[in-house]
Amino acid sequence: MQKEYIKPIFENAVKSLGIENANLIFDVPKNLDFGDFSTNIAMQLAKALKKSPREIAELVISKLEFDNNLIEFVNIAGAGFINIKFSNNFYHNCLENIANFDTEFGKQTTGIGKKVNVEYVSANPTGLLHLGHGRNACTGDTVANLFEWLGYEVTREYYFNNAGNQMNNLGKSVYARYMQIIEDENFPFPEDGYHGEYVKEIAQFLFEKYEKSLAEKNEENLTICRKKAEEWCFEKILNTLEKMKIKQDIFYNEDTLYTDGKIAKLIEDFKEMNLAYQKDGALWLKLTELGLDDDRVIVKSSGEPTYRLPDIAYHREKLLRGYDLVVDVFGADHIATVPDVLAGIKALGFDTERVKILIHQFVTLTENGVQVKMSKRTGKSYTLDDLLDEVGADVVRFFLLMRGISTHLEFDLSLAREQSDKNPVFYLQYAHARISSIFDKIEDKNSYLNDKIDFSLLKEKSEIDLIKRIIKFPEVIESAGLKCEPHHLTEYLRELAGDFHIFYHNCRILGAEQGLQNARLKLADITKNIIKNGLTILGISAPERM
RNA sequence: GCGCUCGUAGCUCAGUUGGAUAGAGCAUCAGCCUUCUAAGCUGAGGGUCACUGGUUCGAAUCCAGUCGGGCGUACCA
């Protein structure tokens, strides 16, 4: 908001010095005594104009044409920084504008008319979700929410595979557990089978439904085991996602790519482009031709495709559906597929800019400083569902979203359990509840609702600081959205809540002189809307009372 | 070995397209409730930004190398 005002003013000034297309950058100085913004333009131009930065700064300032009512000062500091400080009037005007947006403040138009597809979770129905999936799910869901705020038309998608090795493996594991129930507790369990307790639950369910009729080891019975396992896992997964307030629009089955002939078509196309060749009984993709280090197998000698082929076919399919942007959320363990997919779709003639792949690092769970294991294979695991039941969706989502996706995330179970001021999510919710409470206590709302609000009465430092923070909300939405970094929003909300708490502590709202009370109420109300909207984007509730 | 990623306060982490004295939360210590919710506020201590070199007016940030952690590196997904 501030930049929108000063940028053209500086552009004109720089232009009048004979410089076109200057790279004007406005930073917020660390030391607030320097002002609200600073620019290094004078240093940048030092070489071109062959003058010292301070001389240039003076020249630039002499050419600035601005409203003295809105800017308090512009001066030179240090090596040649130009510092700008806005007057309170400027901020009062901003607040007045924001008040007119009502609850829509922060919504952007960047994405209007554009379609984006965000694919996330995408866990195969071979087990229960764990914390890593949780991070994936919250990240994807929040990114999708952010895109909606940017104006995009958003499709949320879940990609899964209910065929192949891993599913067969699960079917066999269930069968073995089933046989252990009805026949012999030492019935051999597949070597690389799924050891989780849930496999026993599925077997128990089959026993109750079919009694001993599945005992014969044939294709039909194994299929029953596999199908039941798939159904059971999917139901659990969806249930867990629902608890996390996640609902996706499209569930895309990898199998569709085969039945619709998209895999066959892709093989054909690669062959036609001379990018596929036969070797050692397998079909290889010439990735070396596409700038990568090694060629890779796309169809095994057994005739089954490797994961690359459906991955590429799936991305082509999504792009052909007409999305301007296709976003994937992957865990770090899937990073190997990224270059292959990008090379593949590029070879097929698509702009790789249309695909954005988010890789999030792993989550570790700690309790009292000790790491808790949550492996799928070892059987004993702490699932996402357990966690949701224990600490609730708000805490889980906030904890999983409050770190940059590229860093390893440590989930502190002891802290998450703590229902106290140590738990950071309550800090935000508390600010929201506090504001609600004020509005419950207004004795006579008429003046607040009907009188023209005079924002110029807000002069305290904590009031102006809060306004400055409020102004930043749209930028935060835009940058968190376009960069797909939800934690920028969690950081911002924490700062906003902080500024509010300070304001609340320093400035009495109810009982202040009528005009001032109304202005402060409006300031609080705008803050409340932003917290509520921000938390909603994060998928976290904003309680009226705590 | 190679690729990706991370290394910032005791712990968990922020740190904008390179900017001025490196920040927050927790933990520790010291204060603030007759007034709108103390799940709050104020203050203090705490740093070789892993290491070395380079680029320049200026580096936690960019480049090269070294060390250390994680994930990949399959005719698993």
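What you are looking at is a predicted structure, and each value in this text was computed from that prediction instead of being measured. Letters go in sequence order (proteins before strands), and every chain restarts at 1.
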J.: Between B/rA14, B/rC36, B/rA39, which nucleotide gets closest to the side-chain atoms of A/Thr407?
T.: B/rA14
J.: Of all the choices, B/rG15, B/rG19, B/rC36, which nucleotide is nearest to the side chain of A/Lys441 once you look at every atom?
T.: B/rC36
J.: Between C1' on B/rA38 and CZ on A/Phe426, what's the gap in Å once rounded to a whole number?
T.: 16 Å
J.: Roughly how many Å is it from NZ in A/Lys528 to C1' in B/rC36, rounded to a whole number?
T.: 14 Å
J.: With rounding to the closest Å, how many angstrom separate the C1' atoms on B/rA22 and B/rU16?
T.: 15 Å
J.: Return a table of donor-acceptor pairs under 3.5 angstrom between the side chains of residues 492-501 of chain A and protein atoms on other chains or two or more places apart.
T.:
{"unit_1": "A/Tyr492", "atom_1": "OH", "unit_2": "A/Arg469", "atom_2": "O", "d": "2.7"}
{"unit_1": "A/Glu495", "atom_1": "OE1", "unit_2": "A/Arg469", "atom_2": "NH1", "d": "3.2"}
{"unit_1": "A/Asp499", "atom_1": "OD2", "unit_2": "A/Arg469", "atom_2": "NE", "d": "2.5"}
{"unit_1": "A/Asp499", "atom_1": "OD2", "unit_2": "A/Arg469", "atom_2": "NH2", "d": "3.2"}
{"unit_1": "A/His501", "atom_1": "ND1", "unit_2": "A/Arg434", "atom_2": "NH1", "d": "3.0"}
{"unit_1": "A/His501", "atom_1": "NE2", "unit_2": "A/Tyr427", "atom_2": "O", "d": "3.4"}

J.: Using whole Å, report how far CD1 of A/Ile405 lies from P of B/rC13.
T.: 15 Å
J.: Rounded to the nearest 0.5 Å, what separation is found between the NZ atom of A/Lys522 and the CG atom of A/Leu458?
T.: 12.5 Å
J.: Measure from CD1 on A/Ile41 to C1' on B/rC57 and round the result to the nearest Å.
T.: 15 Å
J.: Give the ring-plane orientation class for A/Phe234 versus A/Tyr158, where under 30° counts as parallel, over 60° as perpendicular and anything between as tilted.
T.: tilted
J.: Would you list the protein and nucleotides 21-26 of chain B atom pairs, both N or O, that sit under 3.5 Å from each other?
T.:
{"unit_1": "B/rU21", "atom_1": "O4", "unit_2": "A/Asn31", "atom_2": "ND2", "d": "3.1"}

J.: May I have the distance from A/Tyr504 (atom OH) to B/rA39 (atom C1'), rounded to whole angstrom?
T.: 12 Å
J.: Does the protein touch nucleotides 72-77 of chain B at the base, only the backbone, or not at all? Give it as B, S and - per nucleotide, heavy atoms under 4.0 Å.
T.: SSSBSB
J.: Would you kindly give the CZ-to-P distance between A/Phe500 and B/rA39, to the nearest whole Å?
T.: 14 Å
J.: Using the P atom as the point on both nucleotides, what is the distance between B/rC62 and B/rG15, in whole Å?
T.: 12 Å
J.: Rounded to the nearest 0.5 Å, how far does CZ of A/Arg403 lie from CG of A/Leu409?
T.: 7.0 Å
J.: Spell out yes or no: do the side chain of A/Asp27 and the base of B/rG19 have one donor N/O and one acceptor N/O closer than 3.5 Å?
T.: no
J.: Counting heavy atoms not belonging to A/Glu513, are there more than 12 under 6.0 Å from its CD?
T.: yes
J.: So, applying side-chain hydrogen bond (donor to acceptor under 3.5 Å, both in side chains) with A/Thr337, which one of A/Thr306, A/Asp328, A/Asp311 is it?
T.: A/Asp311
J.: Can you list the residues that meet the salt bridge (charged side-chain N to carboxylate O under 4.0 Å, His left out) rule with A/Arg308, with sequence neighbours excluded?
T.: A/Asp340
J.: Check side-chain contact (heavy atoms from CB on, under 4.5 Å) between A/Ser462 and all other residues, then give those that pass, not counting sequence neighbours.
T.: A/Glu460, A/Ile502, A/Phe503, A/Asn506, A/Cys507
J.: Could you work out the separation of B/rA30 and B/rG69 based on their P atoms and round it to a whole Å?
T.: 40 Å
J.: Evaluate whether atom NZ of A/Lys528 has more than 12 neighbouring non-hydrogen atoms of other residues, nucleotides or ligands under 6.0 angstrom away.
T.: yes
J.: So what does the secondary structure string of RNA chain B come out as, 5' to 3', with Watson-Crick or wobble pairs under 3.5 angstrom, [ ] for crossing and | for pairs with another strand?
T.: (((((((..((((.....[...)))).(((((.......))))).....(((((..]....))))))))))))....
J.: Could you work out which one of B/rA39, B/rG70, B/rG19 sits closest to the side chain of A/Phe81?
T.: B/rG19
J.: Can you establish whether the number of heavy atoms outside A/Lys7 located under 6.0 Å from its atom NZ is more than 12?
T.: no
